[in-house]
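All values below come from the heavy atoms of this structure, side chains included, with hydrogens, waters and symmetry mates left out. In this text the structure is predicted, and so the values were computed from the model without any measurement.
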Amino acid sequence: MKISRRSFLKTAAAIGASLAWVEPARGSRVHWNERRDLYPQGVASGDPDPHSVILWTRRPFAQGTRQLLTVEVAEDETFRRVIAHAPAPVSSAADWTARVLIGGLKPARTYWYRFTDADGNGSRVGRTITAPLPTDPRTVNFAFVSCQDVNEGKLNAYRRMIYEDERAPAAHQLGFVLHLGDFIYEMVEYPDEVKTRYDRTIYEVARLPEGPKAGNFHIPLTVDGYRAIYKGYLADPDLQDARARWPFVAMWDNHEFSYQGWQSIQKAGKERPGQSIKVAANQAWWEYLPSRCKKVSGPSLETFDPPAVTNVAIEKWDENGLGDEPNNRTAINSLIGYRSYRYGKHLDLIITDQHSYRSADPFSDPSLAKLGGDEFIDMAPETLMQALDGGRAFNGGNPPAEVSFGDAHVPNPQKDKPPQTILGATQKAWFKDQLRKSTATWKIWGNSEGALDARSDPQNLPPGLTKEIWPKDTYASMSPPDYGMAYTERAEIYDLIRDAKITGFAIVSGDRHSFWAGYATSELPPGKFDPVGLSFVGASLSSPGTMEATEHNLSKTDPLRALFLADRPDGAKPDWTHNMLLKHGVRSCLEYAKSFDLERARSLSNPDLAPHLEFVDLGGHGYAKVQLSADEMRTEFVCIPRPIARSERPDGGPLRYRVLHTAALWKSGERPQLRTSVLEGDVGLAM
Ligand SMILES: [Fe+2]
């Protein structure tokens, strides 16, 4: 199969690319003198297909508003066989960033590229890899990562990933890196204002040109604010080396816009109308992460051309919870992030946006505080959360008038509201269509948010430990507000997978700052555990996780402390029973905290609590590697110690553990089955 020049030009025109076409190979005719200082954010490539890829750099100039660089693409690292040579415009309107689409490349090939300005000042050399053809049966390898806070940590995980990839046999080397968001954290601490948080040293990232703060955190309101943060993040040498080694396929999570933001509403503590802030966030993301995402403002790859919007409060919502306000619609559609990629015979990667179209948080109505239950740390009755999630559609359209906890009752605040949606109606229809149409062996949902239930069984606590009594008839949900509690929407998607007899479905996600492996199921006991696929969460590259926060925040005298931390009598670091709580339940935790006897603790496991979980480590950091073949999905968690300081070692420092989850491809109607094996290190209480 050969792509014609005409069809490439059509594709290129559709995304408005500055484009280059391949020529016969010859030696470079560019006088290139490497000056990394003049390209302070390095180089990058994004969204490869079998014949083309987008190349990126940033070359700021002190004078003028627009300059031309030259980009060269070669078949060899020394540029003796240059096959493309093209102008690459940079302009102040795009913060001096450049994007060029190179077409006519060969599938599944490694190429090298570099940029040079008119004076011969050159960028570093980058490496990129095109996608295999849809008929190519070779094994697919990729990594998925998320949550790279460089304000509070270091990116030793990328160093480790590079070190291992350089030494891997060709058939095991990564084809691309899937970045599932929190590429930046828009909430910035200044080291002169705050020195530490939890175990972390605060590192300088950026100074924002604008004012507001939420606690210790400065928050951007303009494109210059977001740009300053991207520049600060991309100064990190390990991130730069990773972007120069592999093409990235990226999707934003929450922090590329706003901590608790949704649609165009900015929320970090308090909510504020943020239509112009959402557009600014999209513009900076588009400028700094090369992708094929469609922007609505125009077809050029040179500048974003932000649409004009006004910040006005949204007062009306449509039947799917989408803010019915023109500026909101313009802002959230100014850049469409959801998209899918075919990558060889075995992978359809379907990527969704979890924040731009989601409905209002159904779980936080202030009236719910009157229900009590405060003693039960981070636990909410699962039956209550299911009712709130379902809104007016709950229980076949007969939602309860009241919701309760023990003897306390309040009117159901969601009784007349639409069921929660994370995808929104338009994106969800697209997503379902992608699932139905997919012909690849594996259908991988690249989802920035975790989809596995986090729950516990406080109904099994011995009497007297707490003053309040947990209701007998419900588990406790401990999920963050992600797909762990999007019961209605999740069931809709999983039902489609079952009804359409789709096999090879797996979710890869991030956001939770922890490693999870398990099964995609609509219900858990006492409902029907009926998995339709696999579900994974990759840990943060660097951002602090739950266990680190708990070590600092949980009182030594809390009556439920043993459910989260088991204090060693010798004063050593406590063991993370929180992992055991989610997989085995309260009885196992109480036993473990008393005897430190793992076998005895596991013998008290509640088998109905978490049949969907094989592995959970709320204290993990690192990355995950996926290998897909005709008959198997292998997912490896590479876990590093808390990345507080940059490792000086070429391998990025020691590993905590490496664990492999393998699943054979199942037939429609069969139950997927994971086999988990610890390849090295100590996984603690994660299994
Ligand atoms: Fe994060």
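Screening Tyr288, Trp285, Tyr226, Tyr185 against Glu256 for a side chain to side chain contact (heavy atoms under 4.5 Å, CB included) leaves a single residue, Trp285.
Comment: Glu551 engages Lys573 in a salt bridge, judged by a side-chain N to carboxylate O separation of less than 4.0 angstrom. Residues Asp199 and Arg642 are paired through a salt bridge, judged by an N-O separation under 4.0 Å between the basic side chain and the carboxylate. Salt bridge Arg159/Asp241: present, at least one basic N to carboxylate O contact under 4.0 Å. The existence of a salt bridge linking Lys213 and Glu193 is confirmed by a sub-4.0 Å separation between a basic side-chain nitrogen and an acidic carboxylate oxygen. Remark: Arg207 engages Asp192 in a salt bridge, criterion side-chain N to carboxylate O under 4.0 Å.
The heavy-atom pair separating Asp324 from Ile314 by the smallest distance is N-CG2, 4.1 Å. Gly126 approaches Val43 most closely through the heavy-atom pair CA-CG2, 3.8 Å. In this structure, Tyr623 and Ala157 approach most closely via the heavy-atom pair CE2-O, 3.5 Å. The two residues Ile129 and Pro48 make their nearest non-hydrogen contact at O-CB, 3.3 Å. When all heavy atoms of Gly42 and Thr57 are compared, the closest pair comes out as O-OG1, 2.9 Å. Across every non-hydrogen atom of Asn311 and Gly274, the tightest pair is OD1-C, 3.5 Å.
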Checklist line | Criterion side chain to side chain contact (heavy atoms under 4.5 Å, CB included) on Ser448 and Asp511, from CA distance to verdict | finding: CA-CA 6 Å; Ser448 70; Asp511 176 61; 5.6 Å; no

Next item on the list: Take Tyr190 and Asn216, measure what side chain to side chain donor-acceptor pair (under 3.5 Å) needs, and give me the verdict at the end.
Entry: CA-CA 8 Å; Tyr190 295 173; Asn216 285 331; over 6 Å; no

Notebook entry, point to check: Which is it for Arg227 and Gln283 under the side chain to side chain contact (heavy atoms under 4.5 Å, CB included) test, yes or no, and what are the steps along the way?
Noted result: CA-CA 9 Å; Arg227 285 166 168 173; Gln283 175 170 352; 3.2 Å; yes

Checklist line | Worked verdict on Val638 versus Met161 for side chain to side chain contact (heavy atoms under 4.5 Å, CB included) | finding: CA-CA 9 Å; Val638 183; Met161 202 192 293; over 6 Å; no

Next item on the list: Evaluate the side chain to side chain donor-acceptor pair (under 3.5 Å) criterion for residues Thr222 and Asp224: first the C-alpha distance (whole Å), next the side-chain angles of each, then the deciding distance (0.1 Å), finally the verdict.
Entry: CA-CA 5 Å; Thr222 64; Asp224 284 333; 5.2 Å; no

Next item on the list: Using the side chain to side chain contact (heavy atoms under 4.5 Å, CB included) rule, take Trp56 and Arg243 through it: C-alpha gap first, then chi angles, then the decisive distance, then the call.
Entry: CA-CA 10 Å; Trp56 178 96; Arg243 294 229 299 180; 3.3 Å; yes

Next item on the list: Using the ring-ring contact (aromatic ring centres under 6.0 Å, His included) rule, take His355 and Phe257 through it: C-alpha gap first, then chi angles, then the decisive distance, then the call.
Entry: CA-CA 9 Å; His355 296 280; Phe257 167 45; 9.1 Å; no

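Contact check for Tyr357 versus Trp262: no side-chain heavy atoms found under the 4.5 Å cut-off. Looking at heavy atoms from C-beta onward, Phe176 lies out of side-chain contact with Trp246 at the 4.5 angstrom threshold. Side-chain contact between Met187 and His255 is present, with heavy atoms from C-beta onward closer than 4.5 Å. Phe217 places a side-chain heavy atom less than 4.5 Å from the side chain of Glu189. At a threshold of 4.5 Å between non-hydrogen side-chain atoms, the residues Leu55 and Phe115 count as touching. Within the 4.5 Å cutoff, the side chain of Leu565 has heavy atoms near those of the Thr550 side chain. Between His179 and Val249 there is no side-chain heavy-atom pair separated by less than 4.5 Å. Between Ser52 and Arg292, some side-chain heavy-atom pair lies under the 4.5 Å cut-off.
Looking only at atom types and distance, the side chain of Thr352 has a donor-acceptor partner in the side chain of Gln354 under 3.5 Å away. Residues Ser264 and Asn328 have side chains that bring a donor and an acceptor to within less than 3.5 angstrom of each other.
Between the side chain of Glu152 and the backbone N or O of Tyr203, no donor-acceptor pair lies under 3.5 Å. A donor-acceptor pair under 3.5 Å is formed between the side chain of Ser291 and the backbone N or O of Cys293. The closest donor-acceptor contact from the side chain of Gln263 to the backbone of Ile265 lies at 3.5 Å or more, if one exists at all. Not a single donor-acceptor pair under 3.5 Å links the side chain of Asp238 to the backbone N or O of Asn156. Arg99 places a side-chain N or O within donor-acceptor distance of the main-chain N or O of Leu301, the cut-off being under 3.5 Å. Counting only distance, with no hydrogens or angles, the side chain of Gln148 and the backbone of Asp182 share no donor-acceptor pair below 3.5 Å. No donor-acceptor pair closer than 3.5 Å links the side chain of Arg114 to the backbone N or O of Val125. Checked by atom type and distance alone, the side chain of Asp482 pairs as donor or acceptor with a backbone atom of Gly484 at under 3.5 Å. Between the side chain of Asn327 and the main chain of Gln275, no donor-acceptor pair closer than 3.5 Å is present.
Here the CD1 atom belonging to Ile422 is positioned 11.0 Å from the CG atom belonging to Asp353, to the nearest 0.5 angstrom. Between the OG atom of Ser334 and the NZ atom of Lys294 there is a distance of 14.5 Å, given to the nearest 0.5 Å. How far CG of Leu101 is from CG of Asp49: 8.0 Å, rounded to the nearest 0.5 Å. A distance of 10.0 Å separates CZ in Phe142 from CG in Leu174, rounded to the nearest 0.5 Å.
A cation-pi arrangement is absent between Arg160 and Tyr158, since the terminal nitrogen or guanidinium carbon is not both under 6.0 Å from the aromatic centre and inside a 45° cone about the axis. Taking the ring centre of Trp96 as origin, the terminal cationic atom of Arg66 falls outside the region bounded by 6.0 Å and 45° from the ring axis.
With sequence neighbours excluded, the residues satisfying salt bridge (Lys or Arg N to Asp or Glu O under 4.0 Å) with Glu34 are Arg36.
The distance between the ring centers of Tyr483 and Trp445 falls below 6.0 angstrom.
No more than 12 heavy-atom neighbours from other residues, nucleotides or ligands sit within 6.0 angstrom of OH on Tyr259.
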